[in-house]
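Bear in mind that the values here come from a model prediction, so they are computed numbers and not experimental data. First the proteins, then the strands, lettered A, B, ... as listed; each starts at 1.
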Amino acid sequence: MKVGGYTLEERFEHRTVEPKWQKYWQERQLYKATADKSAKKFYCLEMFPYPSGKIHMGHVRNYAIGDVIARYKRMQGYNVLHPMGWDAFGMPAENAAIKHNLHPSKWTYENMTYMKAQLNKLGLSYDWDREIATCSPEYYRWNQWFFIRMLEKGLAYRKTSYVNWCRSCATVLANEQVIDDKCWRCDSLVVQKELEQWFLRITHYAEELLKACDELTGWPEKVVVMQKNWIGKSQGLEVDFRIDGMDESLRIFTTRPDTLFGSTFLCLSPNHPLCGKLVSGKAELEKIIAHYGKEDEKIGFHTGHFCINPMNAEKIPLYVANFVLMEYGTGAIMSVPAHDQRDFDFAKKYGLSIRVVIEPEQKSEKNSELRTPNSELLAEAYEDAGVLVNSGKFSGLKSDAAKERIAEYIEEKGLGKRVVKYRLRDWGISRQRYWGTPIPVVYCEACGIVPVPEKDLPVILPEDVKFTGTGGSPLLESESFLHTTCPSCGGHARRETDTMDTFVDSSWYFVAYCFGRDGIAFNSEPRTPNPELSYWMPVDQYIGGVEHAVLHLLYSRFFTRVLRDLGIISYSEPFKNLLTQGMVIKDGAKMSKSKGNVVDPDYLIEQYGSDTSRLFSLFAAPPEKDLEWSDKGVEGAYRFLNRIWGFVYRTQKSLEAGSPPGYDSVAMEGISPACRKLLRKTHQTIKKVTTDIEREYHFNTAIAALMELVNEMNSFEPKDAKDMQIMKFAIKNTLLLLSPFTPHITEELWMHIGNESSISEQKWPEWDEEMVREEEVELVTQINGKLRGKLMIPCGLPDEEVKACALGDPKIKEIIGQQKIRKVIVIKGRLVNIVTGE
RNA sequence: GCGAGAGUGGCGGAACUGGCAGACGCGCUGGACUUAGGAUCCAGUGGGGCAACCUGUAGGGGUUCAACUCCCCUCUCUCGCACCA
């Protein structure tokens with residue numbers, strides 16, 4: 001029967017081929033990982049998905065990248081750990097429960113089942129024995145265990161504070177989860193609300209997390225910079241300004257002690273505790289509060305009070321201003337209008353004096369006009385470093401030195417101290433939601449806050465709750481959960497009803513995978529590093545979206561340090577190498593349901609198969625860049641696979657008929673030029689694919705090289721047994737090199753050409769440098785840098801002879817004519833440039 | 001505003017430490033096989049020109065025998081941070 005020019009068996013039928021091998025791999029447990037001290041390990045991890053229902057193209061891309069790496073490393077002889085699991089707690093499950101009257105647990109587990117089948121259809125080489133779901137009690141009991149350990153160490157604590165509150169999600173958000181004043185999840189406006197909350201003291205590790213950023217050499221620079229900025233260290237000085245006529249002083253924070261003499265007024269945050277005492281005009285204060293922290297105009301008013309500048313004893317006015325944040329520094333600033341643009345604008349607006357105390361070392365045209373006080377003329381603040389003027393005994397010092405001297409002076413006089421500030425805040429983890437890990441504490445009328453003892457863990461999330469979508473967390477309604485006895489006194493106690501931020505779950509899941517099927521287990525005291533963890537961790541290659549640059553990745557770095565300090569592990573950084581893959585774009589925008597530009601992986605796999613889907617997403621762009629979706633590109637990938645299939649199939653008969661057994665390499669000697677060419681191309685391709693993978697995982701160019709090899713094979717016509725052996729060698733290596741990208745078709749063809757063990761168990765091919773080398777090179781001749789001729793010359797000629805060849809070329813001779821040759825530059829194996837002229 | 005990255009055919013993208021710009025794929029054009037082609041195969045394909053040649057990597061300058069690559073200026077786009085004192 002003829003179908004589209006192929007006989008049926010000549011076609012690559014992905015619908016039968018792909019499931020066949022998926023079953024085969026699964027039955028043989030080819031991807032099961034076992035710790036083995038004698039083998040070099042490689043831990044390859046992709047960010048685990050939230051079980052939202054179905055996978056999307058972003059997942060396909062992410063997991064295809066990870067799978068190529070895992071398969072490649074396996075073939076290179078590494079003992080590879082490549083696990084997968086589910087970030088299974090979270091809001092969508094709860095929303096689904098309210099909407100469809102379906103329990104979050106049921107919804108989540110059903111989604112997991114469906115998505116797992118989808119992942120298996122992609123032929124991903126996971127060790128499913130290590131699968132985890134963060135919503136299972138066996139998993140979240142360790143969240144609770146960590147929480148209690150952190151409570152013991154003072155790393156978890158409770159405090160009342162203003163928190164970010166999302167009305168739509170009816171819960172608190174961490175600072176990291178607020179993006180442009182909006183909720184990271186639902187995009188609605190976040191408001192401030194005063195609540196009592198549990199916090200994790202990530203700031204305890206602020207300095208270490210910052211310092212260790214420099215050791216993250218396997219991370220994209222961009223992500224490291226984002227982390228550094230997020231931690232936001234600044235060194236400065238706190239200074240007390242006495243309030244004139246009161247027995248009270250005001251502490252300010254500055255990173256520019258060198259400008260202290262230029263402080264001509266002070267500004268107070270409207271939320272500063274002293275405001276109540278200092279401000280009489282409540283209406284004015286209300287107005288400032290209304291504009292507090294907003295990026296609009298800078299406004300303020302004079303409190304009527306004055307402070308004393310400790311450097312020059314000057315009386316300067318004290319203002320309240322909307323742009324001074326209570327959350328940073330001390331909530332009060334010294335204003336130096338000459339050297340800070342904000343203060344400058346403010347001073348201009350309210351007619352406050354401006355005093356220049358820093359002058360540039362070398363006056364340029366731009367700032368030569370810098371004058372003031374009295375004779376004004378200062379168009380904008382001069383914010384750079386320079387030399388101090390109008391600064392008493394410190395005048396003449398450079399900014400850097402002056403910072404030191406002035407800080408010393410302030411400290412000696414007891415007027416303040418040097419401090420380091422971080423932008424990083426402690427991590428608020430309380431969530432007023434149901435579908436999360438219960439925080440394992442109880443509130444006892446007699447004993448207060450009491451942690452749940454280790455033997456009573458896990459505190460199980462009750463299943464029998466109602467989802468109304470109104471009021472607070474369903475846990476508040478669950479009488480059986482709410483009421484308990486105090487572990488300390490046995491009296492009545494009430495359970496904590498808040499659950500943990502789901503980012504807690506994902507902060508250590510990579511550690512959980514290391515334990516395998518026997519289940520997660522951390523030693524009790526005295527703790528020693530767990531051997532499984534010591535073997536597998538850290539993650540050698542982590543792959544995921546850049547959207548987690550400061551959320552998940554920072555929390556994980558924090559948790560890893562907590563685990564280290566608990567004695568569970570002995571290293572500090574969880575992820576040695578990080579690859580942040582680009583987004584999948586269609587019609588110029590990220591694929592999303594709301595934009596209606598999604599491509600359904602189910603459809604793609606059904607229509608073209610998993611190999612095609614993988615190949616396209618790996619070929620169309622390097623992994624770190626955005627991937628522009630193209631239906632035609634998918635067809636191109638499909639066509640390529642069919643070409644290989646057809647080629648191997650068609651040549652199979654003649655191969656069987658006349659070739660010697662084996663698919664091993666042959667020597668260059670005694671074979672035809674066409675053979676030498678194909679053999680050389682094969683070795684060159686092995687080299688190219690290997691180095692492209694090694695060089696930042698540039699799969700797109702690796703695949704391009706394989707396409708070139710296949711093109712070359714297509715134009716090769718074997719005539720005798722020797723030729724066929726060359727052909728066999730080319731086929732074998734094409735399949736091996738392609739197998740990490742498209743495991744199904746290569747497995748099928750691999751078996752088809754007479755192999756018995758899986759292609760994924762084979763050794764990665766090696767190239768022979770001798771075989772890679774060309775015998776002849778095309779020599780490019782340039783005259784004055786312009787391309788004028790090309791000729792073939794043997795490799796390895798000495799420069800003098802190469803030069804003679806170029807000059808001997810009749811065409812070149814003709815162009816040069818009577819011109820004088822001034823210089824000849826020979827670049828080995830590439831070109832000759834003849835420079836003419838007088 | 002600050003920080004990071006990018007700008008190359010009709011499109012996605014190649015080009016390692018400066019050395020033939022446009023690999024590979026898509027699309028397009030022509031041809032073969034066809035009742036048919038949105039299948040497959042073959043050939044061509046940056047722009048201009050019949051051609052020899054000229055020209056071309058956002059724009060302008062520079063360094064060099066030689067620049068997509070290095071330096072300076074300008075423009076555009078993407079991402080991150082954003083009153084952090």
Does a side-chain N or O from [X] land closer than 4.0 Å to OP1 or OP2 of [N], or not?
X: A:Arg639; N: B:G27; value: yes
X: A:Asn714; N: B:C42; value: no
X: A:Arg423; N: B:A82; value: yes
X: A:Thr691; N: B:C16; value: no
X: A:Arg695; N: B:A15; value: yes

If you take the centroid of each ring, where Trp contributes its six-membered ring, are A:Tyr319 and A:Phe346 closer together than 6.0 Å?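 Ring centroids of A:Phe346 and A:Tyr319 are less than 6.0 Å from each other.
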With rounding to the closest Å, how many angstrom separate the [atom1] atoms on [N] and [M]?
N: B:G10; M: B:U29; atom1: C1'; value: 13 Å
N: B:C16; M: B:A6; atom1: P; value: 14 Å
N: B:G9; M: B:G47; atom1: C1'; value: 9 Å
N: B:C70; M: B:G18; atom1: P; value: 9 Å

Expected output is a numbered-order residue list: members of residues 700-708 of chain A with a heavy atom under 4.0 Å from any atom of RNA chain B. What is it?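 Contacts with RNA chain B under 4.0 Å: A:Asn700, A:Thr701, A:Ala704, A:Met707, A:Glu708.
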Given 3.5 Å as the limit, does a donor-acceptor pair link the side chain of [X] with the main chain of [Y], or not?
X: A:Arg61; Y: A:Arg614; result: no
X: A:Asn700; Y: A:Ala621; result: no
X: A:Thr701; Y: A:His698; result: yes
X: A:Asn733; Y: A:Thr682; result: no
X: A:Asn597; Y: A:Lys586; result: yes

Write out a two-atom table: protein N or O, nucleotide N or O from nucleotides 64-68 of chain B, distance below 3.5 Å.
residue: B:C65; atom: O2'; partner: A:Asn833; partner atom: ND2; Å: 3.2
residue: B:C65; atom: O2; partner: A:Asn833; partner atom: ND2; Å: 2.5

Are there runs of at least three consecutive Watson-Crick or G-U pairs touching RNA chain B, with each pair's two distances under 3.5 angstrom? Give them by first number.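 Consecutive-pair runs (3 or more) involving RNA chain B: B:1-7 with B:75-81, B:10-12 with B:24-26, B:27-32 with B:40-45, B:46-48 with B:53-55, B:58-62 with B:70-74.
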Check whether the side chains of [X] and [Y] place a donor and an acceptor atom closer than 3.5 Å, and report yes or no.
X: A:Ser399; Y: A:Asp258; value: yes
X: A:Asn784; Y: A:Thr836; value: yes
X: A:Arg423; Y: A:Asn229; value: no

Nucleotide nearest A:Leu325 (side chain, heavy atoms from C-beta), chosen from B:G12, B:A85, B:C79: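 Selected nucleotide: B:A85.
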Minimum-distance nucleotide to A:Arg342 side chain [options: B:G3, B:C84, B:G80]: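 Of the options given, the side chain of A:Arg342 lies nearest B:C84.
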Please say which of A:Lys681, A:Arg830, A:Arg680 ends up in a salt bridge (charged side-chain N to carboxylate O under 4.0 Å, His left out) with A:Glu774.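 Answer to the salt bridge (charged side-chain N to carboxylate O under 4.0 Å, His left out) test with A:Glu774 among A:Lys681, A:Arg830, A:Arg680: A:Arg680.
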So [X], base contact, sugar-phosphate only, or nothing? Heavy-atom distance under 4.0 Å.
X: A:Val324; value: base
X: A:Asp343; value: nothing
X: A:Ser234; value: sugar-phosphate
X: A:Glu778; value: base

In sequence, state the C-alpha distance, the side-chain angles, and the governing distance for A:Asp214 and A:Lys228, and then conclude on salt bridge (charged side-chain N to carboxylate O under 4.0 Å, His left out). CA-CA 10 Å; A:Asp214 295 329; A:Lys228 281 184 180 170; 3.0 Å; yes
For nucleotides 45-50 of chain B, just jot down a letter per nucleotide in 5' to 3' order: B, S or -, based on protein non-hydrogen atoms under 4.0 Å. ------
In whole angstrom, give the distance that lies between atom CD of A:Glu712 and atom P of B:C24.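 The distance from CD of A:Glu712 to P of B:C24 comes to 11 Å, rounded to the nearest Å.
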List the atom pairs, donor and acceptor, that lie under 3.5 Å between side-chain atoms in residues 324-338 of chain A and the rest of the protein, sequence neighbours left out.
residue: A:Glu327; atom: OE1; partner: A:Tyr292; partner atom: OH; Å: 2.9
residue: A:Glu327; atom: OE2; partner: A:Tyr292; partner atom: OH; Å: 3.3
residue: A:Tyr328; atom: OH; partner: A:Ser234; partner atom: OG; Å: 2.4
residue: A:Thr330; atom: OG1; partner: A:Arg251; partner atom: O; Å: 2.7
residue: A:Thr330; atom: OG1; partner: A:Ala332; partner atom: N; Å: 3.4
residue: A:Thr330; atom: OG1; partner: A:Ala332; partner atom: O; Å: 3.2

Output, in order, the C-alpha distance, side-chain angles, deciding distance and verdict of side-chain contact (heavy atoms from CB on, under 4.5 Å) for A:Met57 and A:Met591. CA-CA 8 Å; A:Met57 285 313 301; A:Met591 280 190 184; 3.8 Å; yes
State the NE2-CD distance between A:His552 and A:Glu547, to the nearest 0.5 angstrom.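 One gets 10.0 Å once the value is rounded to the nearest 0.5 Å.
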With 3.5 Å as the limit, what N/O pairs link the protein to nucleotides 51-57 of chain B?
residue: B:C54; atom: OP1; partner: A:Arg788; partner atom: NH2; Å: 3.2
residue: B:U55; atom: OP2; partner: A:Lys786; partner atom: NZ; Å: 3.3

